[in-house]
Amino acid sequence: MNRSAPRRGRKTASHRRHADDSVPDAADRVDNVSQAYRNLRGAIVWGHLSPGLRISERAIAEWLGLSRTPVRSALHRLEQEGFVSSYGNGRERRLVAAPLTLADGQEVYFIVGHLEGLAARTAAALPASRRKKLVARMRELNRELAAESRKRGDASRVFDLDLEFHRTYVEGVVGPRLLTLHRAIKPQSERYSRLYISVLLDELSSSVKEHEAIVRSIADGDPDAAQRAVERNWSNAAARLARIIEQHGERGSWQAWGRYDPGAVLGKSRDGKKR
């Protein structure tokens, strides 16, 4: 018998080393996909990847310093969530940052309105002590929004205040399923709000009044009224958005990829040097 052979069931140092090495590799792959997803979604939501612009898997991978595999996985997830759209088949298939259109914007707003309506319903059914804290925070934020509307303040500030107002009765209030759905769809409404926020400032006073109805319903502990108030706010927001898009046009062409310069999008010149 060969005494130098390892006993059955025992791992050699080499085996242990390879087994240990496989764990961070798997974790790295997950982290890379998450990194690519976060960066790409942020670039789309903030408009750095313009609506309708072709997305080059190779250029994105170079930009992020990753291989194309995690980028491909991230793009697949973003396509499922509606941030990325595709057209064509086989080798002719193209990916683009989803265009911002009237029909899509209204659909997104109605979905968010329904989800947040359910959240407001939940908030209005909370014990009085918890409602009191929520209502105090919401009133504070709405007062700041009202002040911004009177002085036509900074658009970015208005956007952040409005976002925080709605987040107050969702985060820490609803269950995990509703929260997951809300976190997936809400950034899609943010794309529209960010792009058209400077024009929407003209309608801010109407939004402030609608917020007051939401706050009042939650303070009264009236779930039906709270849900209606939120859904009315988003329905009216969809109507306001429709008027603005009709005036200023939809953003994003399905043929924009023909003019795509990945270097321009990623902050590099065509020779690969950073600008």
Side-chain angles (χ1 to χ4, degrees), residues 45 105-106 108-244:
V45 169
Q106 288 186 309
V108 167
Y109 272 42
F110 284 133
I111 293 172
V112 173
H114 183 61
L115 292 176
E116 291 198 357
L118 294 175
R121 185 179 190 88
T122 302
L126 290 172
S129 58
R130 286 197 62 190
R131 291 204 318 276
K132 185 176 180 180
K133 292 179 181 179
L134 283 180
V135 165
R137 177 58 177 159
M138 292 169 69
R139 281 179 172 152
E140 177 187 359
L141 291 166
N142 208 37
R143 280 196 297 270
E144 293 184 48
L145 270 174
E148 293 293 333
S149 71
R150 288 191 293 271
K151 65 182 182 182
R152 289 192 57 80
D154 177 60
S156 179
R157 171 68 173 161
V158 169
F159 178 86
D160 289 340
L161 286 170
D162 184 74
L163 195 65
E164 183 62 24
F165 175 87
H166 289 277
R167 183 186 291 130
T168 300
Y169 62 84
V170 177
E171 298 282 338
V173 174
V174 303
R177 292 183 184 275
L178 179 53
L179 187 60
T180 297
L181 290 171
H182 184 260
R183 287 177 175 175
I185 192 68
K186 185 64 182 281
Q188 296 188 44
S189 71
E190 292 175 25
R191 293 185 71 208
Y192 287 90
S193 300
R194 286 186 188 278
L195 190 61
Y196 294 102
I197 186 64
S198 59
V199 185
L200 287 168
L201 284 174
D202 294 334
E203 306 274 0
L204 186 56
S205 59
S206 297
S207 185
V208 168
K209 291 178 181 178
E210 291 161 12
H211 287 179
E212 290 173 356
I214 296 171
V215 174
R216 188 164 54 250
S217 299
I218 293 176
D220 292 342
D222 188 336
D224 290 337
Q227 182 173 359
R228 285 195 303 270
V230 168
E231 291 182 349
R232 187 180 305 113
N233 176 225
W234 279 99
S235 177
N236 291 342
R240 290 189 283 267
L241 179 70
R243 289 196 297 271
I244 290 169

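Everything quoted here is computed from the prediction, not taken from an experiment. Heavy atoms only: backbone and side chains are in, while hydrogens, waters and symmetry mates are out.
At a threshold of 4.5 Å between non-hydrogen side-chain atoms, the residues R243 and E203 count as touching. In this structure the side chain of S207 never reaches within 4.5 angstrom of the side chain of L145, judged on heavy atoms. With contacts defined as side-chain heavy-atom distances shorter than 4.5 Å, the pair S206/N236 does not qualify. Residues L141 and R137 have side chains in contact (heavy-atom distance under 4.5 Å, counting atoms from C-beta outward). Counting heavy atoms from C-beta outward, R232 and E210 have side chains that stay 4.5 Å or more apart. Side-chain atoms of E116 and H182, non-hydrogen and from C-beta on, do get closer than 4.5 Å to each other. Side-chain contact between L134 and R130: absent, with no pair of heavy atoms (C-beta onward) separated by less than 4.5 Å. A 4.5 Å side-chain heavy-atom check between H166 and K186 finds at least one atom pair inside the cut-off.
In this structure a side-chain-to-backbone donor-acceptor pair under 3.5 Å is missing from R121 to Q227. With hydrogens and angles ignored, the 3.5 Å screen pairs no side-chain donor or acceptor of Y169 with any backbone N or O of A123. Judged by distance alone, with hydrogens and angles left aside, the side-chain atoms of S189 form no donor-acceptor pair with the main-chain N or O of I185 at under 3.5 Å. S235 places no side-chain N or O within donor-acceptor distance of the main-chain N or O of E231, the cut-off being under 3.5 Å. Although no hydrogens or angles enter the test, the distance criterion places a donor-acceptor pair under 3.5 Å between the side chain of S149 and the main chain of A146.
With 3.5 Å as the limit, one finds no donor-acceptor pair spanning the side chains of E212 and N142.
Partners of Y109 under the ring pair (Phe, Tyr, Trp, His ring centres under 6.0 Å) rule, at least two apart in sequence or in another chain, are W234.
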